[in-house]
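Data first, discussion second: the structure below is written as structure tokens.
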Amino acid sequence: LRWKYLLAPVWDQEVAFRPRLAATAIGLATNNLIPLRVGEFARVLALSRQTYTPIPIVMGTLVMERLLDGLVQVGAIFLVMSLPSFPTVGAMDGLDPRSAARTLLTVAGAIGLLLALLAVFPARSVRLARTAIKILPGGWRRPLADSLRAFLRGLGVLRSPRYLTLSVLFAIGQWAFLGVGFYLGFLAFGID
């Protein structure tokens, strides 16, 4: 469902539910069979082939999805750490989980800021990339620049407050649903 809102600002045609669902199922199945999250690439390829959406555009939406997931998860970590029942620092063999969460938030925020800058200034980003890839053979430069341009188009949700808000709400809903499921499981087994 969320993929609809990530694709809407970047692709002229509405991508139907069925190809999005099929690509997601293919990605999940591949992740269960092949290590290293290869299913994410299978998901991109499957949707691209079914809808004739360029691969870099679909990859850009996937990067946005994972970034939003990361930010929501780190936010959830901070929420849980603020609960009174969360163990104190000394209870975890000297490890400070709050420090790890702050580091994750900083990294995710930096990636988000970089992607936002790339999305807001796509022409400058492509010009800068063209300057950087001048060291590559001539036959590689144009395809790389075109792929970057399409990838930056895939970050279009960052230029649309409406779709970005809907995407964030879907991410929060998805992870809250999973969290509530685990919480109910813990309660069922007497784990507080």
Side-chain angles (χ1 to χ4, degrees), residues 2-31 33-74 103-168 170-171:
R2 180 173 44 158
W3 215 356
K4 174 182 180 177
Y5 300 113
L6 292 169
L7 284 163
V10 299
W11 191 237
D12 300 334
Q13 306 160 1
E14 182 177 332
V15 178
F17 177 74
R18 186 177 179 151
R20 293 190 324 259
L21 179 64
T24 300
I26 288 168
L28 290 172
T30 305
N31 277 338
L33 297 173
I34 303 174
L36 303 175
R37 307 285 298 172
V38 171
E40 302 303 331
F41 299 104
R43 185 175 150 200
V44 167
L45 185 60
L47 186 71
S48 177
R49 290 234 173 132
Q50 290 179 61
T51 62
Y52 305 105
T53 308
I55 289 174
I57 289 176
V58 179
M59 183 61 79
T61 64
L62 181 73
V63 167
M64 283 309 309
E65 180 180 305
R66 290 296 162 242
L67 178 68
L68 293 175
D69 284 346
L71 291 172
V72 167
Q73 288 173 349
V74 170
T103 301
L104 286 173
L105 184 62
T106 302
V107 169
I111 292 171
L113 181 62
L114 174 65
L115 290 175
L117 288 172
L118 291 173
V120 171
F121 303 108
R124 284 185 184 169
S125 302
V126 171
R127 279 197 307 272
L128 183 62
R130 281 190 174 162
T131 303
I133 61 175
K134 283 185 179 179
I135 61 171
L136 296 175
W140 290 36
R141 292 179 200 158
R142 183 175 175 102
L144 280 174
D146 291 344
S147 293
L148 176 63
R149 189 176 293 107
F151 174 78
L152 294 177
R153 187 174 166 198
L155 302 179
V157 75
L158 291 171
R159 293 184 293 271
S160 170
R162 176 178 179 243
Y163 289 122
L164 181 60
T165 301
L166 289 169
S167 298
V168 168
F170 263 98

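These values consider heavy atoms only, across backbone and side chains, with no hydrogens, waters or symmetry-generated copies. Worth saying up front: this structure is predicted, and the values here are computed from it rather than measured.
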Which distance, rounded to the nearest 0.5 Å, do you find between the CG of L118 and the CG of L158?
-> 9.5 Å
Side chains of K4 and V15 in contact at under 4.5 Å (non-hydrogen atoms) | no
Are the side chains of R130 and V126 in touch, meaning some heavy atoms are under 4.5 Å apart?
-> yes
Pairwise distance CG(L62) to CZ(F151) - rounded to 0.5 angstrom | 9.0 Å
When every non-hydrogen atom of A150 is compared with those of I57, the smallest separation belongs to O-CG1, 3.2 Å
Side-chain donor or acceptor of R153 paired with backbone N/O of V10 under 3.5 Å = yes
Residue pair R159 / V120: nearest heavy atoms and the distance that separates them = NH1-N, 4.4 Å
To the nearest 0.5 angstrom, please state how far the CG atom of L164 sits from the CG atom of L155.
-> 11.5 Å
When rounded to the nearest 0.5 angstrom, what distance separates CD1 in I111 from OG1 in T106?
-> 11.0 Å
Please report the closest heavy-atom contact between W3 and V58, naming both atoms and the distance.
-> CZ2-CG1, 3.7 Å
Could you tell me whether a side-chain N or O of R141 sits under 3.5 Å from a main-chain N or O of K134, the two making a donor and an acceptor?
-> yes
Which atoms form the tightest heavy-atom contact between R20 and L7, and what is the distance?
-> CD-CD1, 4.2 Å
Give a yes or no on whether the backbone of T53 and the side-chain of S48 come within a donor-acceptor separation of less than 3.5 Å.
-> yes
Measuring from R37:CZ to N31:CG, what's the distance to the nearest 0.5 Å?
-> 4.5 Å
Approximate separation, where rounding is to 0.5 Å, of T30 OG1 and F41 CZ = 12.0 Å
Heavy-atom check, side chain of T61 versus side chain of M64, under 4.5 Å | no
Any side-chain heavy-atom pair of L6 and L68 under 4.5 Å = yes
For S167 and Y5, which heavy atoms make the closest approach, and how far apart are they?
-> OG-CB, 3.7 Å
Heavy atoms of Q50 and A23 approach each other most closely as NE2-N, 4.0 Å
For R66, does the CZ atom sit with more than 12 other heavy atoms under 6.0 Å from it, leaving out its own atoms?
-> yes
